[in-house]
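Remarks on the structure that follows.
In what follows, chains are A, B, ... by sequence order, proteins preceding strands, each numbered from 1. No experiment lies behind these values; they were computed from the predicted model shown.
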Amino acid sequence: MKDSRLLGQLEQAVLDGDEARAADLARQALESGETPLEIVDRGLVPGIRRAGELWEEGEYFLPELVTSAQALKAAMAVVQPALTAGGGGREAGRVVIGTVEGDIHDIGKTLVATLLAANGFTVSDEGTGVTADRFVARARELDADLVCASALLTTTMTRQADLVAAVRRAGLKARVMVGGAPVTPEWAERIAADGHADNAVAAVSVAQRLVAAKPATGAKRPKRGSR
Amino acid sequence: MNSAQLSARLAAGPLLLDGGLGSMLIAAGLESGRDPTGWNRERPEAVAAVHRAYAAAGSDLVHSNTFGASPIKLRAAGSDDDCRAVNTLAVSLARAAVPAGVLVAGDVGPTGALLPPVGNATEAELEAAFAEQAAALAAAGADLISIETMYDLREARAAVRAARGTGLAVLASMTFEARRRGFFTIMGDPLGPSLRALADEGADAVGFNCSVTSDVMATMAAPARAAVGCPLIGQPNAGQPRAEADGVVYDASPEAFARDLAAMVAAGLRLVGGCCGTTPEFIRAARAAIDAAGLP
């Protein structure tokens, strides 16, 4: 018997960063007959979106945001087999993500990877200190739609420029999205990245827009996504 | 220099610290994204030149090039440098570069390892790493230990405890951002209570560096003063970083920066200097502004 209160409680468990409760509620929701997609769209995504809003409002800090993402991940682990068994329901796109060479910052990139996966993207997280060559090789191997590169330092963000150039040079179809604390829309524009997002929640909608706007090879690229 | 000696020195007048080191080394050719620690060995003359330039510009204190030289950070960066050797080398370089009377602070930055729930490090691990680095800095003859850019109060306290073990005076500075409810670190540690906790842990002077511009940092003086009675430290960036074709530039002028530093001293800060993007030119302007104000 479906119980719509479960999804509201699941949203709250993600917001509270309660890993065990989020996994348990996801299980209960599945058993009650909710579809995996409903659980993601009406429980998990609203919860993590609200956590992102509280971060922007200065109410949440990194520990809260990270525990919310961990709760989301725990619930996703429960829902994922059902999603896959049901043919996935949707494939939003294939993504290769990592933090650029010389930069060991993990958190922002991992949040974006988690949220993209929760929103139906097939995500290959390459970790930190990823070279442009590695990004290109993985994007080619996976026939990726999108390459996402994070940089947390003003000294490593210049690697994003190298990456955009390498992806273009390799003639890949993948669009390039950049992010990280020092990264601004102006920087994204300057290095001719296809998109930029200010935070993990915004990154999902930018990624969706970029994948939807996929041009024919060699076609002029559409206006790049900004925040 | 122990706590009493630092206290006597600060009673005689404010201390002007140095400015950015990493950004100066990048300007001298350090590859972007590379930790500056390796240059103590590979390009000692370039590191010494920055120390010399700050002393010539009027700095009363320079920081050794050891921000990334805790054993944990060295390991994470894949460095070949040994903690003890590189800290020793960096202090000797600074000492040889500046005239007698200019203090050499052994610089200690965050380990980069994160405590739960964000990471899996333990406070004991961090404290042990800081103790190893602080002991090396002290043995090499650093005048005091300067802990900078801390974003997690638990890690900052571990660093202060470790630094206190050397018997040298300890400066402890964290990095705060302006949020809707005041100034916080990215981990959510609030300004006033954090400074109080560092002072309680035994830091001789406490304060803030990096993240914000000098005009914003000037507004942190009053809440900091209300929170603690010990001497305060402030080291802002040279404005906001902006990405340009050949790298990153900062948008503040030395004159505006110097005005804000003088205002911070007038508001009760006792140790002021610069962080990312500041150069000897900024310090020279600050020296002139502080001296002209005739601050006690």
Side-chain angles (χ1 to χ4, degrees), chain A residues 16-19 53-71 73 99-108 110-111 128-132 151-163 178 180-193 196, chain B residues 20 22-23 25-27 30-36 68 72-73 75-78 110-120 149 151-154 175-190 210-211 237-238 240-250 275-277:
Chain A
D16 294 342
D18 190 335
E19 226 174 303
E53 286 165 3
L54 288 175
W55 159 268
E56 291 199 333
E57 290 164 16
E59 297 289 339
Y60 264 23
F61 294 94
L62 208 44
E64 291 84 6
L65 208 55
V66 166
T67 48
S68 282
Q70 284 165 350
K73 226 171 177 171
T99 304
V100 296
E101 188 178 3
D103 199 326
I104 56 166
H105 292 88
D106 204 21
I107 301 160
T110 304
L111 276 174
T128 64
V130 183
T131 62
L152 258 289
L153 303 172
T154 51
T155 53
T156 55
M157 61 196 280
T158 53
R159 301 279 185 190
Q160 292 176 331
D162 305 341
L163 173 65
V178 293
V183 177
T184 59
E186 292 73 33
W187 170 247
E189 177 104 12
R190 178 183 294 279
I191 65 173
H196 156 263
Chain B
S23 42
L25 295 179
I26 288 168
L30 176 71
E31 304 90 317
S32 90
R34 224 195 121 193
D35 190 284
I72 294 177
K73 191 78 179 278
R75 218 175 305 129
T111 59
L114 301 166
L115 295 165
V118 183
N120 300 316
T149 328
Y151 43 75
D152 186 323
L153 178 59
R154 295 169 297 171
T175 191
F176 299 92
E177 293 169 358
R179 306 298 291 261
R180 196 159 58 86
R181 291 174 184 278
F183 293 98
F184 293 87
T185 68
I186 52 166
M187 296 298 177
D189 300 310
C210 210
S211 294
N237 288 345
Q240 289 294 350
R242 206 177 57 236
E244 291 290 339
D246 333 317
V248 175
V249 298
Y250 291 81
C275 204
C276 304

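- No other option in B:Gln240, B:Glu177, B:Arg180 has as many heavy-atom pairs under 4.5 Å with chain A as B:Arg180.
- For the ring pair (Phe, Tyr, Trp, His ring centres under 6.0 Å) test, residues two or more places apart in sequence or in another chain that qualify with A:Phe61 are B:Phe184.
- With a threshold of 4.5 angstrom between heavy atoms, A:Gln70 approaches chain B through side-chain atoms but not through N, CA, C or O.
- Checked by atom type and distance alone, the side chain of B:Arg179 never pairs as donor or acceptor with a backbone atom of A:Glu57 at under 3.5 Å.
- Residues forming a side-chain contact (heavy atoms from CB on, under 4.5 Å) with A:Ala71 (at least two apart in sequence, or on another chain): A:Ala22.
- The choice from A:Gly102, A:Ala69, A:Pro63 that makes the most heavy-atom pairs within less than 4.5 Å of chain B is A:Pro63.
- In this structure, chain A has a heavy atom under 4.5 Å from the side chain of B:Ile26, while its backbone stays farther away.
- For the options B:Gly188, B:Cys276, B:Gly78, heavy-atom pairs under 4.5 Å to chain A are most numerous at B:Gly188.
- In this structure B:Arg34 satisfies the salt bridge (charged side-chain N to carboxylate O under 4.0 Å, His left out) test together with B:Glu31, B:Glu42, sequence neighbours excluded.
- With a 4.5 angstrom heavy-atom cutoff, B:Ser23 does not touch chain A via any of its atoms.
- The stretch residues 113-120 of chain B places B:Leu114, B:Pro117, B:Val118 near chain A, each with some heavy atom under 4.5 Å from a heavy atom of that chain.
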